A.B. asks: 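Structure below; questions to follow.
To find a chain, count down the sequence lines: A is the first, B the second, and so on, and within it residues start at 1. Treat the numbers as computed from the prediction; the structure is a model and nothing was measured.
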Number of protein chains: 2
Amino acid sequence: MNEKFIKAHWMESKNQRLAHISDIIQNEQVTSQEQLLKTLLSQGFAVTQATLSRDLKKLKIAKVPSTDGTYQYVLPNSSVSASMSDFSGSSNILNGLISVELSANMGVIKTIPAFSSTISAAIDSRKLKSLAGTIAGDDTIFFVIREKFSHSDVKKELIEKFPELENKLK
Amino acid sequence: MNEKFIKAHWMESKNQRLAHISDIIQNEQVTSQEQLLKTLLSQGFAVTQATLSRDLKKLKIAKVPSTDGTYQYVLPNSSVSASMSDFSGSSNILNGLISVELSANMGVIKTIPAFSSTISAAIDSRKLKSLAGTIAGDDTIFFVIREKFSHSDVKKELIEKFPELENKLK
DNA sequence: ATTCAGGATGCAAAACTACACAAATAATTA
DNA sequence: TAATTATTTGTGTAGTTTTGCATCCTGAAT
């Protein structure tokens with residue numbers, strides 16, 4: 001076999017490995033290089049942990065403390081947030097609505113940035129009996145629940161007026 | 001008799017330490033816990049590496065490979081806080097925050113005029129478990145506390161995520 | 001062909017970090 | 001106040017990651 005093949009084999013092996021590492025980091029909870037090592041070995045990549053350390057360094061993969069009390073490796077630029085892309089083309093404004101949550105006499109609606117006032121206006125226009133009023137920020141709406149109305153009253157009325165947010169109500 | 005003094009001493013020591021760690025991480029190139037340890041010791045903080053490991057975990061400070069071939073510790077949401085750091089010469093966004101006060105299921109934050117949305121966004125980005133959402137005016141932020149969370153839960157989480165506002169919390 | 005340079009990698013040691021445990025302290029409750 | 005429970009921390013060490021060095025492979029230059 002000629003040199004090019006052999007070289008190609010190596011290079012490809014390395015690049016495939018780097019690609020797989022990115023994939024794995026993105027799709028699984030990787031908490032240590034040893035764990036990553038096992039996964040890679042089981043996929044047919046013959047490497048050692050030392051190489052992984054170098055690979056992770058090349059890929060700028062960081063080790064961060066996660067909320068569940070463990071450490072995880074994460075890809076750089078992982079601060080990707082849901083944006084308007086996944087809703088463009090839709091005719092329904094409420095698709096910009098992410099979630100609704102009630103707390104005591106208040107409600108909090110999370111929306112895609114810049115959509116809150118539109119959504120807020122839409123809610124106002126329906127004049128819900130259970131709501132005293134709404135106020136919109138950039139990506140958040142607050143509303144005040146009228147005296148004597150319960151959380152389930154509010155949920156019922158919201159779903160009645162806006163069936164499409166059924167599964168966004170906490 | 002000295003209990004209060006001792007308590008104050010310890011608590012303050014810890015929160016000051018956390019705040020200093022954030023500052024140091026933000027302003028210097030920290031490449032290891034040992035290095036951070038030396039810096040802190042030289043500033044009069046008596047701690048050990050083990051404590052730093054725990055502090056960094058609490059603060060969600062990550063170890064990332066940097067472009068210059070070294071490893072560095074960086075604050076969470078570094079892209080966000082970095083882009084905001086050139087804001088009015090202040091090294092810390094939260095310097096625009098004047099006070100935080102809780103009432104029932106709501107909280108009110110007073111800020112320097114025009115700083116509220118920036119600060120509000122900073123709080124949102126940290127995704128505090130105890131908060132349902134925030135909304136910003138010009139110099140005031142309201143936030144809604146999630147059901148089942150107490151005032152002390154909120155205070156604890158706020159200080160955990162933003163050690164520097166320790167003394168601004170009523 | 002030989003030599004030299006550079007990249008990739010394993011090995012093992014060094015460096016570094018996290019954690020179990022125990023002790024001290026603080027907060028809470030009885 | 002005493003007892004109980006929770007928090008914080010240092011010590012020692014286990015666990016993890018990084019790195020120096022040797023080696024192998026390849027490509028380029030001599």
Side-chain angles (χ1 to χ4, degrees), chain A residues 1-21 25 29-41 44-66 68-74, chain B residues 1-19 21 25 29-41 44-66 68-74 150-153 155-157 159-160 163 166:
Chain A
M1 291 297 192
N2 66 25
E3 297 144 11
K4 281 190 177 174
F5 172 76
I6 295 172
K7 171 191 177 183
H9 167 62
W10 273 28
M11 293 292 289
E12 193 149 340
S13 172
K14 183 184 179 189
N15 289 326
Q16 280 186 3
R17 191 181 66 237
L18 292 178
H20 268 259
I21 289 173
I25 296 295
Q29 308 273 99
V30 178
T31 65
S32 73
Q33 296 183 7
E34 287 296 336
Q35 180 202 329
L36 178 58
L37 180 61
K38 285 177 188 164
T39 305
L40 283 168
L41 291 178
F45 290 89
V47 279
T48 62
Q49 172 272 323
T51 298
L52 291 191
S53 174
R54 294 174 182 120
D55 288 350
L56 295 179
K57 188 173 186 175
K58 255 196 195 81
L59 294 170
K60 303 260 185 296
I61 288 172
K63 187 184 186 181
V64 317
S66 69
D68 64 6
T70 65
Y71 289 84
Q72 287 190 202
Y73 281 94
V74 304
Chain B
M1 155 267 198
N2 280 341
E3 288 163 16
K4 282 193 176 174
F5 170 75
I6 292 171
K7 166 195 171 179
H9 168 63
W10 283 81
M11 293 291 292
E12 194 153 335
S13 174
K14 182 184 179 189
N15 289 322
Q16 279 185 3
R17 191 181 66 235
L18 291 178
I21 290 173
I25 296 293
Q29 306 272 102
V30 178
T31 64
S32 74
Q33 296 183 7
E34 289 296 335
Q35 181 201 328
L36 177 58
L37 180 60
K38 283 176 188 164
T39 304
L40 284 169
L41 290 178
F45 291 89
V47 277
T48 61
Q49 172 271 324
T51 298
L52 289 191
S53 174
R54 291 184 280 247
D55 287 350
L56 294 178
K57 187 172 186 176
K58 254 198 192 74
L59 294 170
K60 302 261 183 295
I61 288 172
K63 187 184 188 182
V64 317
S66 69
D68 64 6
T70 65
Y71 290 85
Q72 286 190 203
Y73 281 93
V74 304
S150 70
H151 284 189
S152 63
D153 290 336
K155 288 179 186 169
K156 194 176 295 181
E157 202 177 8
I159 292 177
E160 181 183 311
E166 155 88 339

A.B. asks: With side chains defined as the heavy atoms from C-beta onward, is the minimum distance between B:Tyr71 and B:Thr31 less than 4.5 Å?
C.D. replies: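 Heavy-atom side-chain distance check fails, nothing below 4.5 Å.
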A.B. asks: Specify the residue among B:Ala46 and A:Ser32 whose closest nucleotide of DNA chain D lies further upstream toward the 5′ end.
C.D. replies: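 Looking at DNA chain D, the more 5' nearest nucleotide goes with B:Ala46.
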A.B. asks: Locate the shortest heavy-atom distance separating A:Asp68 from A:Ser66; write the atom from each residue and the value.
C.D. replies: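 Taking every non-hydrogen atom into account, OD1-OG, 2.6 Å.
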A.B. asks: On a heavy-atom basis, which atom in B:Gln35 and which in B:Gln29 lie closest, and how many Å separate them?
C.D. replies: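 Answer, listing the atom of B:Gln35 first, then B:Gln29: NE2-O, 2.9 Å.
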A.B. asks: For A:Leu40 and C:dG10, give me the distance from atom CG to atom C1', rounded to whole Å.
C.D. replies: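 The answer, rounded to whole Å, is 16 Å.
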A.B. asks: Spell out, as yes or no, whether a donor-acceptor pair under 3.5 Å connects the side chain of A:Gln72 to the backbone of A:Ser32.
C.D. replies: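 No.
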A.B. asks: If I take atom NZ in residue B:Lys57 and atom P in nucleotide D:dT8, what distance separates them, rounded to the nearest angstrom?
C.D. replies: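 Taking NZ of B:Lys57 and P of D:dT8, I get 14 Å after rounding.
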A.B. asks: Using a cut-off of strictly less than 4.0 Å, decide whether B:Thr51 has a side-chain nitrogen or oxygen near OP1 or OP2 of D:dT9.
C.D. replies: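 Looking at the OP1 and OP2 atoms of D:dT9, neither is under 4.0 Å from any side-chain N or O of B:Thr51.
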A.B. asks: CG of A:Leu56 versus C1' of C:dC16: gap in Å, rounded?
C.D. replies: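 It is 16 Å, rounded to the nearest whole Å.
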A.B. asks: Under 4.0 Å between a side-chain N/O of A:Arg54 and OP1 or OP2 of C:dG7, yes or no?
C.D. replies: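 Answer is no, no contact under 4.0 Å.
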A.B. asks: Under 4.0 Å between a side-chain N or O of B:Tyr73 and OP1 or OP2 of C:dC16?
C.D. replies: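 Result: no.
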A.B. asks: Please state whether the phosphate of C:dT17, meaning OP1 or OP2, lies under 4.0 angstrom from any side-chain nitrogen or oxygen of B:Tyr71.
C.D. replies: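 For B:Tyr71, the contact criterion (side-chain N or O under 4.0 Å from OP1 or OP2 of C:dT17) is not met.
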A.B. asks: Under 4.0 Å from OP1 or OP2 of D:dT18: is there any side-chain N or O of A:Ser53 that close?
C.D. replies: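 Answer is yes, contact under 4.0 Å.
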A.B. asks: Rounded to whole Å, how long is the line connecting atom NZ of B:Lys63 with atom C1' of D:dT16?
C.D. replies: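 Interatomic distance, NZ of B:Lys63 to C1' of D:dT16: 9 Å.
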A.B. asks: Specify the separation, in whole Å, of atom CG of B:Asp153 and atom P of C:dA27.
C.D. replies: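 After rounding, the reported distance stands at 16 Å.
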A.B. asks: Can you give me the N/O atom pairs linking the protein to nucleotides 13-15 of chain C at distances under 3.5 Å, or say none if there are none?
C.D. replies:
none

A.B. asks: Which is it for B:Leu52 and B:Leu40 under the side chain to side chain contact (heavy atoms under 4.5 Å, CB included) test, yes or no, and what are the steps along the way?
C.D. replies: CA-CA 10 Å; B:Leu52 289 191; B:Leu40 284 169; 3.4 Å; yes
A.B. asks: Quick one: on DNA chain D, does B:Ala50 or B:Gly69 contact a more 5' nucleotide (nearest heavy atom)?
C.D. replies: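 The answer here is B:Ala50.
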A.B. asks: Check the pair B:Leu41, B:Lys38 against side chain to side chain contact (heavy atoms under 4.5 Å, CB included), reporting the backbone distance first and the verdict last.
C.D. replies: CA-CA 5 Å; B:Leu41 290 178; B:Lys38 283 176 188 164; 5.5 Å; no
A.B. asks: Does B:Thr48 make a side-chain N or O approach to OP1 or OP2 of D:dT11 shorter than 4.0 Å?
C.D. replies: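 So the side chain of B:Thr48 is outside the cut-off, no N or O lying under 4.0 Å from OP1 or OP2 of D:dT11.
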A.B. asks: Under 3.5 Å, which donor-acceptor pairs link side chains of residues 55-63 of chain A to any protein atom two or more places apart or in another chain?
C.D. replies:
{"unit_1": "A:Asp55", "atom_1": "OD1", "unit_2": "A:Arg17", "atom_2": "NH2", "d": "3.1"}
{"unit_1": "A:Asp55", "atom_1": "OD2", "unit_2": "A:Arg17", "atom_2": "NE", "d": "2.6"}
{"unit_1": "A:Asp55", "atom_1": "OD2", "unit_2": "A:Arg17", "atom_2": "NH2", "d": "3.0"}
{"unit_1": "A:Lys57", "atom_1": "NZ", "unit_2": "B:Gly69", "atom_2": "O", "d": "2.9"}

A.B. asks: Mind calculating the distance between CG (B:Leu18) and C1' (D:dT7) to the nearest angstrom?
C.D. replies: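 Rounded to whole Å, this separation is 13 Å.
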A.B. asks: Can you check the A:Glu34 CD to D:dG15 C1' distance for me, whole Å?
C.D. replies: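 Roughly 9 Å, once rounded to whole Å.
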A.B. asks: Calculate the interatomic distance between B:Gln35 atom CD and D:dT18 atom P; express it in whole Å.
C.D. replies: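 Going from B:Gln35 (CD) to D:dT18 (P), I get 16 Å.
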